[in-house]
Protein chains: 4
Amino acid sequence: MAKLWHKNYELNELVEAFTVGEDFQLDINLVGADCAASLAHAHMLETIGILSKGEYAALKKELLAVIEQADKGKFSIQRSMEDCHTAIENYLVKQLGDTGKKIHTGRSRNDQIIAALRLYARDFLLQFHASCTLLIRTLLEAAKLYQDIPMPGRTHMQIAMPSSVGLWALSFAEQLLDDLCLIDTAYKLNDMCPLGSAASYGVPLPLDRELVAKLLGFSKLQNNVLYVNNSRGKIESIIIDALEQTVLTLSKLAQDLILFSMPEFGYFTLPQELCSGSSIMPQKKNPCALELVRAKSASLNAYSLHIKAVVRALPSGYNRDFQETKAPFMRGINTALACVEVMSLSIQKLKVNEQNLLKGFIPEIYATDAALELVKKGVPFRDAYKEIGLHLDNLKDYDPKQILKAKTATGNTGNLCYEKAENELKKREQAYVNYNSHVENTYKKLLGKRYPFFKAVF
Amino acid sequence: MAKLWHKNYELNELVEAFTVGEDFQLDINLVGADCAASLAHAHMLETIGILSKGEYAALKKELLAVIEQADKGKFSIQRSMEDCHTAIENYLVKQLGDTGKKIHTGRSRNDQIIAALRLYARDFLLQFHASCTLLIRTLLEAAKLYQDIPMPGRTHMQIAMPSSVGLWALSFAEQLLDDLCLIDTAYKLNDMCPLGSAASYGVPLPLDRELVAKLLGFSKLQNNVLYVNNSRGKIESIIIDALEQTVLTLSKLAQDLILFSMPEFGYFTLPQELCSGSSIMPQKKNPCALELVRAKSASLNAYSLHIKAVVRALPSGYNRDFQETKAPFMRGINTALACVEVMSLSIQKLKVNEQNLLKGFIPEIYATDAALELVKKGVPFRDAYKEIGLHLDNLKDYDPKQILKAKTATGNTGNLCYEKAENELKKREQAYVNYNSHVENTYKKLLGKRYPFFKAVF
Amino acid sequence: MAKLWHKNYELNELVEAFTVGEDFQLDINLVGADCAASLAHAHMLETIGILSKGEYAALKKELLAVIEQADKGKFSIQRSMEDCHTAIENYLVKQLGDTGKKIHTGRSRNDQIIAALRLYARDFLLQFHASCTLLIRTLLEAAKLYQDIPMPGRTHMQIAMPSSVGLWALSFAEQLLDDLCLIDTAYKLNDMCPLGSAASYGVPLPLDRELVAKLLGFSKLQNNVLYVNNSRGKIESIIIDALEQTVLTLSKLAQDLILFSMPEFGYFTLPQELCSGSSIMPQKKNPCALELVRAKSASLNAYSLHIKAVVRALPSGYNRDFQETKAPFMRGINTALACVEVMSLSIQKLKVNEQNLLKGFIPEIYATDAALELVKKGVPFRDAYKEIGLHLDNLKDYDPKQILKAKTATGNTGNLCYEKAENELKKREQAYVNYNSHVENTYKKLLGKRYPFFKAVF
Amino acid sequence: MAKLWHKNYELNELVEAFTVGEDFQLDINLVGADCAASLAHAHMLETIGILSKGEYAALKKELLAVIEQADKGKFSIQRSMEDCHTAIENYLVKQLGDTGKKIHTGRSRNDQIIAALRLYARDFLLQFHASCTLLIRTLLEAAKLYQDIPMPGRTHMQIAMPSSVGLWALSFAEQLLDDLCLIDTAYKLNDMCPLGSAASYGVPLPLDRELVAKLLGFSKLQNNVLYVNNSRGKIESIIIDALEQTVLTLSKLAQDLILFSMPEFGYFTLPQELCSGSSIMPQKKNPCALELVRAKSASLNAYSLHIKAVVRALPSGYNRDFQETKAPFMRGINTALACVEVMSLSIQKLKVNEQNLLKGFIPEIYATDAALELVKKGVPFRDAYKEIGLHLDNLKDYDPKQILKAKTATGNTGNLCYEKAENELKKREQAYVNYNSHVENTYKKLLGKRYPFFKAVF
């Protein structure tokens with residue numbers, strides 16, 4: 001079968017291999033979403049008289065068949081077909097003849113790929129949102145469970161002040177909740193229907209773009225047809241930037257866990273089923289998954305940079321460079337989701353060792369507390385600070401749990417206020433439910449059932 | 001005057017120079033904001049009995065004096081003082097003796113710098129928001145003014161389809177409006193009060209954190225004290241990531257303008273007052289400002305990456321690495337603002353040359369229109385496409401303006417729907433007015449007047 | 001078959017999927033190289049008495065069989081086996097029983113993977129070197145062929161001064177020759193034998209590391225066993241950084257070709273067999289391959305950054321993070337090679353249109369020449385510059401070819417000195433021949449024949 | 001005083017501020033180098049008859065005066081002058097009238113800035129080379145001094161196998177020696193004379209480019225005049241990439257020191273004069289300099305990326321974007337040098353605590369040794385590995401120093417072979433001496449004495 005643009009010459013083989021690249025493989029992930037968008041497009045073409053009712057019905061049947069095949073992993077794309085759009089059009093032409101040749105009326109592969117990526121990303125973002133709220137809930141439960149367990153607070157990695165496992169766990173829950181705001185903004189910016197933009201400049205046909213947007217459940221139509229194409233890579237990088245912030249937070253959590261499960265600390269223990277061994281050292285149980293989360297926080301940055309560097313300073317309208325954004329985008333979303341799920345598991349399985357945590361409460365950890373006792377006796381803080389600093393040997397011992405309780409200001413160990421995060425989390429969970437049921441209903445109406453257009457690969 | 005932590009030893013000179021770095025110079029930008037935060041902190045210390053009313057009044061007087069000096073560029077920071085926090089505390093001690101030594105009660109430089117950066121960033125974001133809405137308005141006006149001027153639409157930089165200057169200008173307006181959503185999210189995440197977190201683990205004093213947040217006009221208290229410190233660099237990078245998306249959009253606008261003001265196109269003319277010359281070639285008038293916008297879109301990426309790479313995988317609590325995030329953050333915000341202002345000016349002064357634009361309407365530009373005419377006669381699109389593609393020599397000429405009008409689907413040249421963007425812009429303008437008047441009122445109440453805590457440097 | 005470190009517990013499934021990642025797929029590329037290294041290791045184990053002659057012979061036979069299978073694409077790695085090292089050891093154990101269990105004596109997968117990557121990279125670098133010299137020769141031939149063809153020289157993308165196609169083509173040849181110096185340095189740093197380092201700290205066995213290095217044709221033994229593991233990711237990023245410089249050069253060449261083959265210039269024509277079409281616009285012939293070279297220059301940067309960000313600030317010794325460097329390394333080398341080959345083809349097929357080039361010789365292009373004529377009459381340059389700049393209308397016309405010939409200083413249009421680049425190129429070609437025949441001889445001795453351990457994937 | 005290109009219009013103020021940027025401040029660092037290049041250019045102009053002997057003598061006198069002023073920090077550049085080239089030409093015109101107006105004959109600011117940066121970078125690279133060899137020598141001495149001190153070897157940050165402080169220190173010395181190869185390649189690529197390229201296309205004057213190259217001590221003339229300008233940013237990024245590899249190595253060294261000076265390990269102690277305190281916690285002594293080295297390894301990456309992202313895909317010839325590469329280049333070289341010097345100091349002052357190091361020799365550290373004992377008894381390695389792994393409780397204790405000595409293979413603890421690194425270091429030290437004395441002689445001949453054209457700023 002031919003390329004869509006095939007006329008009267010053949011492409012050089014090296015150029016074909018180079019320009020197709022991994023597209024025909026990556027596009028396997030997009031077949032379902034592309035067919036859904038084609039179905040909505042065909043429906044609209046029928047309402048404006050370009051397709052007959054019979055043609056539309058025939059196309060619908062075949063598109064649903066492709067979705068079904070793709071869902072079962074049975075739809076394939078040959079390199080010579082370049083991408084999923086070509087493979088699907090060729091399939092329709094083979095099945096339906098002239099009717100298949102009409103599906104591309106009033107559109108371009110450019111707006112097709114954008115539409116497919118948005119539907120795919122929408123499903124991904126819903127799944128990511130759900131995974132994040134689960135991780136946050138896990139951390140929140142840990143914060144409550146361990147709210148009174150002392151933990152040496154550190155700055156510069158050195159022992160600093162008394163803290164608690166609860167404060168530590170809650171800090172990540174709150175940070176991830178704020179990171180979710182970025183995910184939410186990315187979700188909204190992704191939730192715009194691009195179809196009808198054709199190759200960046202529309203077409204002289206009375207396309208009903210609003211109808212297509214509605215059929216696909218987009219909350220908004222992306223208005224300007226040139227902007228549609230100019231946003232390629234931008235929406236993708238906005239999503240990856242948002243994901244990167246989440247994984248950046250996880251890199252700190254992973255680093256803390258790696259450090260504090262070293263035998264010299266022993267604050268935490270990871271169960272062995274989460275640890276890999278060594279091919280040469282019989283005794284090793286290594287926190288490999290955590291190390292990879294740490295590493296993959298850098299990967300997210302590389303993926304975001306990749307996309308943004310590719311689209312930077314490109315002139316208006318479609319440029320082939322855009323194709324190079326697809327792989328880092330797909331890698332990025334799969335990587336981020338995997339990191340969140342692995343961290344949920346790690347927190348769920350984590351063992352906290354109170355005795356080892358208490359070993360860190362050496363006298364110096366109370367130096368600030370001692371200085372503030374002098375302050376309460378009327379000594380100006382800076383003088384109290386010096387006094388204590390010059391006589392650290394005189395520091396007495398305190399009861400860690402008493403000290404933790406005495407920090408009663410909002411957000412401190414004696415007053416964690418975890419219900420704030422809990423309330424925020426409930427809002428996020430509800431938002432997810434609302435988004436998800438809207439999408440669910442959309443697909444049930446359009447396709448008869450919902451297919452998982454995003455399937456995690458890891 | 002001494003460092004705040006000075007006790008009984010001197011720092012090695014090389015280490016001092018290395019660790020202080022540019023901090024003492026960069027902090028000149030933060031003196032006002034740091035004093036405002038100190039004032040709110042002092043006010044609170046008075047309400048909880050740590051400062052007397054008289055002490056608070058004395059501190060207020062001196063802090064206002066420092067703000068005034070800083071506003072006039074008369075407050076200086078020596079390298080030996082390390083940063084603005086030290087310089088200000090030293091000044092207060094010098095002026096007020098023991099009272100000055102009390103200002104640091106219940107806080108750390110860690111939460112001070114975060115607070116100062118947030119106030120500074122808040123002022124910046126307001127100014128940036130205002131500059132962006134101005135640029136968007138300028139583009140929107142251009143879109144309306146030139147909505148009927150034909151412009152060759154390009155893909156792959158090659159002539160593709162008929163388009164208009166209006167469609168082109170509006171595409172940027174809409175894109176920048178979406179970019180503003182990211183700015184808005186960044187504004188909200190920045191708008192959390194960090195004070196009361198001390199060195200990451202709070203203090204055993206009944207600090208009234210809510211009061212401080214309210215006095216400084218923050219819309220929210222950042223709850224968990226460890227999260228406060230862990231968010232250092234994150235909020236900064238979220239802001240820079242948002243700015244980068246705006247400047248990424250501008251890189252495309254700049255590239256278009258550079259390309260299309262080349263004499264071979266001549267679509268646009270930049271007035272010479274925006275163009276620099278060459279030291280050797282007498283005839284040159286170069287679009288230097290646009291080239292620098294193009295370049296600086298890369299700079300924004302470097303600044304964001306810089307910040308994120310520094311904080312990646314740092315363990316919980318303050319780490320000195322954070323200091324290295326200040327310079328790229330400050331460079332980033334100034335760079336982004338400058339780019340927006342330069343682009344506003346460029347669009348305002350741009351001359352559009354209709355005759356040159358029309359020269360791009362070669363017959364091939366109408367190939368898709370011709371194919372769609374066959375479609376209207378019943379030919380399946382893929383056949384029509386091939387038919388036209390194999391007989392390009394037969395393409396007839398069209399009237400560009402007619403063709404543009406015929407594209408009536410939403411967001412196309414014949415139906416730009418610029419009122420959508422206009423409505424959205426009005427919402428953004430109103431949001432800015434609301435944010436800004438809240439900040440204005442806050443400072444009038446706290447300081448008696450509003451000082452410009454962010455001053456653009458370029 | 002089991003993991004090498006399997007003892008008495010099973011890994012959590014999610015953790016297994018996450019930690020293995022794409023390794024089992026990527027490692028398909030390394031099977032040959034890993035076997036070659038194992039063979040050298042086994043040979044050495046025999047010389048120090050750990051393997052008997054019979055055991056070594058059996059291992060050799062089976063390792064050669066694996067290499068042969070892998071070369072034919074018939075050796076597979078299951079995810080449960082994690083990597084090629086495990087798959088190969090399991091194969092040997094299955095074939096040879098206890099003898100297979102001895103192959104891992106005195107080594108770790110850590111030094112195995114480093115060794116395999118170095119052999120793989122060595123073969124890649126040779127191929128890349130050869131492709132680069134071919135591209136340089138192509139450019140050099142073009143420079144000679146078109147040395148007298150006028151071409152408007154541009155700065156700021158605006159017409160600046162008379163230039164020639166020869167000067168333009170030669171500029172890339174010289175730049176690529178300098179880029180090759182970086183490739184050469186990378187080759188030398190990669191050419192160190194890591195084996196014998198085990199898991200970073202060696203083993204208490206009298207391993208003959210020098211022998212292994214010699215058998216594998218490395219020009220040097222990497223001495224310190226901890227340095228061996230600490231260099232993971234460093235050598236890879238040094239290679240990718242070097243490749244990036246080459247592709248950065250190509251991004252300029254691609255951009256020039258894309259620009260100057262726009263119909264408004266028409267300086268160059270790309271034959272249609274190098275151009276793809278559009279799915280909607282029948283007339284389009286797009287320079288897709290060149291656009292992708294432009295895009296992929298950004299990819300190279302992302303790959304290099306990825307690797308360096310992963311290894312940054314890791315403590316000494318092996319860390320699992322290293323695994324995350326393998327994919328960007330492999331993607332980077334394949335991408336860079338593809339870009340070079342596509343550019344060679346593009347230059348070979350390029351058509352140069354002298355008439356269109358001459359159209360750029362508008363009077364203003366001679367402004368500097370006119371100023372220098374005044375200089376020759378004794379007018380100080382700065383005065384001459386102003387004089388001409390204020391009276392551009394008076395500029396007379398020149399003969400472009402005469403002007404080009406008049407620039408006789410070294411490296412100018414009238415004196416290209418291409419023989420310098422030619423001599424340099426011959427040296428590089430000879431260096432390649434020497435490197436390559438050394439590697440060829442090594443493998444013939446070790447394996448009986450040379451297998452292509454690096455096979456380009458694109 | 002006017003801009004060099006000033007004719008009959010004034011630049012818009014915002015555009016001026018934006019386009020000049022920090023250039024007029026950064027260029028303060030380049031005044032000396034720019035004058036030296038001008039002097040060589042003037043000398044050459046005299047030999048080809050464009051300047052008289054008297055004019056040359058006058059120019060030489062004034063250029064030497066400017067160098068002298070700049071060396072004392074007394075030469076200033078106004079923003080309105082844009083850059084050092086303008087400030088210096090204006091100065092010469094003011095002092096010498098028409099003679100001053102002749103200095104720019106046959107050159108452009110484009111090739112001037114490239115020449116100035118190369119001379120500046122050459123001086124920097126010499127200083128960096130010297131600092132690196134000092135650091136390597138320090139590490140080498142430490143390796144010898146502590147070669148028998150046991151240190152727990154770690155992988156995955158967990159205790160792995162017996163190692164020594166000597167092995168650890170030597171690993172960094174060897175790594176930095178390899179990093180120096182990249183510095184050396186960068187030095188050679190930077191060591192090409194660009195002058196005579198003018199604005200990218202040369203001039204029709206019989207400039208003697210070889211003479212200028214020789215006068216400035218460059219080892220090579222950069223031949224093609226377009227390549228000269230196209231290499232802007234490339235050479236800079238090659239230098240920063242090389243520096244980044246060195247600082248990447250230091251990030252590991254810093255991380256090790258930070259980790260192992262935590263009280264829970266106590267392997268190393270940093271003297272307090274290298275440690276900063278906290279403003280709130282009286283007891284803190286923080287390894288701030290090391291944390292900043294860790295952070296600044298990320299900065300180097302950002303600087304390199306910044307430069308490469310700016311120049312990517314720019315068309316041939318000078319583009320104003322190049323200007324944006326100057327700041328990251330200058331920041332990068334100063335940052336890298338500071339990191340090396342701080343690490344030299346840290347290693348020199350480091351205290352090694354043998355007793356704490358020995359605490360890490362828990363029984364499990366010997367698991368591999370135990371397995372290899374079974375191997376010596378004839379058990380196949382994989383069986384021995386499992387046997388030990390399933391019975392870790394039976395592990396007996398060993399004498400750490402005995403075990404270290406037993407690892408006798410090359411590069412192991414019992415056979416460090418530090419003399420290899422020592423020999424390599426001597427070669428590098430000699431190379432530096434040769435490079436440096438050549439530069440010294442060049443400047444003595446050209447300027448009468450050597451001025452420090454690169455002055456470290458930190």
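What you see is a predicted model; the values in this text were computed from it and never measured. So you know, we letter chains A, B, ... as the sequences are listed, proteins then strands, and number each from 1.
Looking at S279(B) and H85(D), their side chains never come closer than 4.5 Å, going by heavy atoms from C-beta outward. You'll find the side chain of F18(B) reaches within 4.5 Å of the side chain of K296(D), heavy atoms only. Taking the side chain as every heavy atom from C-beta outward, S276(D) and R320(B) approach each other to under 4.5 Å. For the pair D321(B) and R294(D), the minimum side-chain heavy-atom distance is below 4.5 Å.
Counting all heavy atoms, side chain and backbone alike, A295(B) lies closest to V310(D) at O-CG2, 3.7 Å. Nearest heavy-atom pair across L11(B) and C275(D) is CD1-O, 3.4 Å. Shown here for V15(B) and L274(D), the closest heavy-atom pair between the two residues is CG2-CD2, 3.6 Å.
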Inset, instruction - Test side chain to side chain contact (heavy atoms under 4.5 Å, CB included) on K285(B) and Y9(D) and set out the steps. - result: CA-CA 11 Å; K285(B) 275 165 204 151; Y9(D) 70 90; 3.8 Å; yes
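In this structure, chain B has heavy atoms under 4.5 Å from both the backbone and the side chain of N12(D). For S299(B), the parts lying under 4.5 angstrom from a heavy atom of chain D are both the backbone and the side chain. Of the atoms belonging to P287(D), not a single heavy atom falls under 4.5 Å from chain B. Using a 4.5 Å cut-off between heavy atoms, E10(B) touches chain D through its backbone atoms (N, CA, C, O) alone. Contacts between E341(D) and chain B at a heavy-atom distance below 4.5 Å involve backbone atoms as well as side-chain atoms. Heavy atoms closer than 4.5 Å to chain B are found in the side chain of H104(D), but not in its backbone. In this structure, chain D has a heavy atom under 4.5 Å from the side chain of L314(B), while its backbone stays farther away. Within the 4.5 angstrom heavy-atom criterion, only side-chain atoms of Y303(B), from C-beta onward, approach chain D. When heavy atoms are compared at a cutoff of 4.5 Å, P271(B) does not approach chain D at all. Proximity to chain D (any heavy atom under 4.5 Å) is shown, for E22(B), by neither the backbone nor the side chain. Contacts between N319(B) and chain D at a heavy-atom distance below 4.5 Å involve backbone atoms as well as side-chain atoms. Only the side chain of V203(B) comes within contact range of chain D, with at least one heavy atom under 4.5 Å from a heavy atom of that chain. Contact annotation for R107(B): only backbone heavy atoms (N, CA, C, O) come within less than 4.5 Å of a heavy atom of chain D.
Rounded to the nearest 0.5 Å, atoms CD (Q323(D)) and CD (E291(B)) are 10.0 Å apart. The structure places CD1 of I280(B) at 13.5 Å from OH of Y318(D), a figure rounded to the nearest 0.5 Å.
Most heavy-atom pairs under 4.5 Å with chain B: of the set A198(D), A327(D), A289(D), this distinction falls to A289(D). Highest contact tally toward chain D, considering only A302(B), G21(B), A199(B), P328(B), is held by A302(B) [criterion: heavy-atom pairs under 4.5 Å]. Heavy-atom pairs under 4.5 Å with chain D peak, among R312(B), H6(B), Q272(B), R79(B), at Q272(B). In terms of heavy-atom pairs under 4.5 Å with chain B, the best-connected choice from S108(D), A309(D), C288(D), A298(D) is C288(D).
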